[in-house]
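Below is one structure, written out as structure tokens; the observations come after it.
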Amino acid sequence: MRKMRTQRAIAVLASVLLIGGVAACGNSDTGGGGSKDDGKITMGFSQVGAESGWRTANTTSIKESAAAAGIELKFDDAQQKQENQIKAIRNYIQQKVDVIAFSPVVESGWDTVLKEAKDAGIPVILTDRSVDSADKSLYKTFLGSDFVKEGRLAGEWLVEQKKGATGPVNIVELQGNTGAAPANDRKKGFGEAIAANPNLKIIASQPGDFTRAGGKQVMEQFLKANPKIDVLFAHNDDMGLGALEAITAAGKVPGKDITIITVDAVKDGMQALADGKFNFIAECSPLLGPQLMDLAKKVHAGETVPPRIETEETTFTQEQAKEALPNRKY
Ligand code: GYE
């Protein structure tokens, strides 16, 4: 009995492998980019890394959505290095995938490799972060958040909070990795929002690379160098969470002695907000997978897609975090 079941299992496995193999062959034989007849879409995806809770949720969303959409996903984690992303994209071009999607770790320096993809006839979709290429024909669309707006919403909330403040309000800023779109843009939006208030002053601003370890380390330096810190603006939850340790170790109460504003609203960040350790979060949604797969199908079918698709987002106060937390998916 057991033997028969094993034989059947082997037969099923063999046929699955055979069908899979045929599908895979069909894909590469017809040349990937531009092959529109085998039905199966192969996507090469180059991810930034695994630096934050946001990134982990984003990766899960992409993998799950690809499986649900029947898209074969080739996935590479670049460990926050542009050279790794360029290498991965070149591999995808060589493998003749149907669509390339990626989240560029920094904004600049993509023109050459994007041109190679274009010349190979492989459409590129930017997701989460954008590039600063002047030639917009190098990619089909950019799906992601408005990072300037996130920074602005964070700054506007602070302006409102400190409305009656007479003395100086000293702000320190933990930036994302140098050259990344969300680091550049969140800094810009926040700076613009507080600009008209001369008593709101950014006294220190350094990259913490979007990681908890980076946030903790840089916050320690900030605390050592500046006896009076009133506000921390961290470009993501993870750096804010790392900074909590530094603040507590310095004998200060996060959320009270130092007002903490972050971006993302992942579960751990929302928990810190609900617990009163953070004061405000501008949301940035990592759940880009379903829209990305939809776009991949459209560009593969030769349909025109809008050049920019913006993610819908909100903001959270401590009270709103308490309400939203039980249903938070990531
Ligand atoms: O805010 C941060 C992550 O690019 C929007 O990258 C993303 C950012 C996100 O490391 O947590």
Side-chain angles (χ1 to χ4, degrees), residues 45-62 77-82 84-85 101-108 110 125-132 142-155 173-190 206-216 218-219 232-244 260-273 278 280-289 291-292 308-316 328-330:
F45 187 89
S46 167
Q47 180 61 291
V48 168
E51 74 282 3
S52 63
W54 190 100
R55 190 64 54 199
T56 314
N58 181 245
T59 292
T60 305
S61 170
I62 284 158
D77 173 340
Q79 302 184 350
Q80 296 238 66
K81 292 205 179 80
Q82 182 172 34
N84 291 346
Q85 289 203 292
F102 81 113
S103 174
V105 60
V106 291
E107 277 186 289
S108 303
W110 300 101
I125 300 175
L126 301 178
T127 167
D128 157 34
R129 300 182 183 180
S130 190
V131 299
D132 64 3
F142 164 43
L143 164 69
S145 311
D146 181 342
F147 301 132
V148 178
K149 184 168 152 198
E150 292 165 354
R152 195 169 54 232
L153 290 170
E173 181 179 31
L174 285 168
Q175 301 172 31
N177 63 289
T178 306
N184 294 341
D185 294 354
R186 286 171 186 164
K187 180 166 190 33
K188 181 169 184 269
F190 184 81
Q206 293 284 330
D209 294 341
F210 282 128
T211 64
R212 287 191 194 203
K216 179 172 179 236
V218 179
M219 192 66 200
L232 163 65
F233 172 45
H235 288 185
N236 78 343
D237 288 339
D238 282 79
M239 289 190 294
L241 291 164
L244 288 182
I260 302 178
I261 307 166
T262 66
V263 186
D264 276 356
V266 294
K267 243 193 198 138
D268 290 352
M270 290 288 272
Q271 188 64 58
L273 186 59
F278 284 0
F280 189 72
I281 304 182
E283 185 187 38
C284 178
S285 174
L287 306 181
L288 304 177
Q291 273 174 296
L292 174 61
R308 172 79 173 101
I309 297 161
E310 208 181 298
T311 323
E312 270 185 41
E313 279 148 3
T314 181
T315 58
F316 295 98
R328 205 69 185 156
K329 297 257 168 349
Y330 54 91

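Along the sequence shown, residues are numbered consecutively beginning with 1. Every number for a ligand or one of its atoms is a count from 1 in the order of the listing.
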Report, in ascending order of atom number, the atoms of ligand 1 lying under 4.0 Å from any heavy atom of Phe210. 2 (C), 10 (O)

Answer yes or no: does an N/O atom from Arg129 fall short of 3.5 Å to an N/O atom of ligand 1? yes

For Phe147, the atoms of ligand 1 under 4.0 Å from one of its heavy atoms are 5 (C)

Protein heavy-atom partner closest to atom 5 (C) of ligand 1 - residue, atom, separation in Å: Asp128 OD1, 3.2 Å

Look at atom NZ of Lys216 and say whether more than 12 heavy atoms of other residues, nucleotides or ligands are closer to it than 6.0 Å. no

Using a strict 4.0 Å cut-off to heavy atoms of Pro182, name the atoms of ligand 1 that fall inside it. 4 (O)

Looking only at side chains, do Asn184 and Glu107 share a donor and an acceptor under 3.5 Å apart? yes

Would you say Glu51 has any N or O atom under 3.5 Å from an N or O of ligand 1, going by distance alone? yes

Which atoms from ligand 1 have a heavy atom of Asn236 less than 4.0 Å away? 2 (C), 11 (O)

With atoms numbered from 1 as shown, which atoms in ligand 1 lie under 4.0 angstrom from a non-hydrogen atom of Cys284? 5 (C)

Provide the number and element of each atom of ligand 1 under 4.0 Å from a heavy atom of Ser52. 2 (C), 3 (C), 10 (O), 11 (O)

Side chain to side chain donor-acceptor pair (under 3.5 Å) partner of Gln47, chosen from Thr59, Asp77, Asp128: Thr59

Treating Trp54 as the side-chain partner and Cys284 as the backbone partner, does any N or O pair qualify as donor plus acceptor under 3.5 Å? yes

At under 4.0 Å between heavy atoms, what of Arg186 touches ligand 1? The answer is side chain

Pair Asp146, Arg152 - check salt bridge (charged side-chain N to carboxylate O under 4.0 Å, His left out), show working. CA-CA 10 Å; Asp146 181 342; Arg152 195 169 54 232; 5.2 Å; no

Spell out, as yes or no, whether a donor-acceptor pair under 3.5 Å connects the side chain of Arg308 to the backbone of Gly144. yes

On a heavy-atom basis, which atom in Ser145 and which in Glu313 lie closest, and how many Å separate them? OG-OE2, 2.6 Å

Non-hydrogen atoms of Asp264 versus ligand 1: any pair closer than 4.0 Å? yes

Which atoms form the tightest heavy-atom contact between Val266 and Gly53, and what is the distance? CG1-C, 3.9 Å

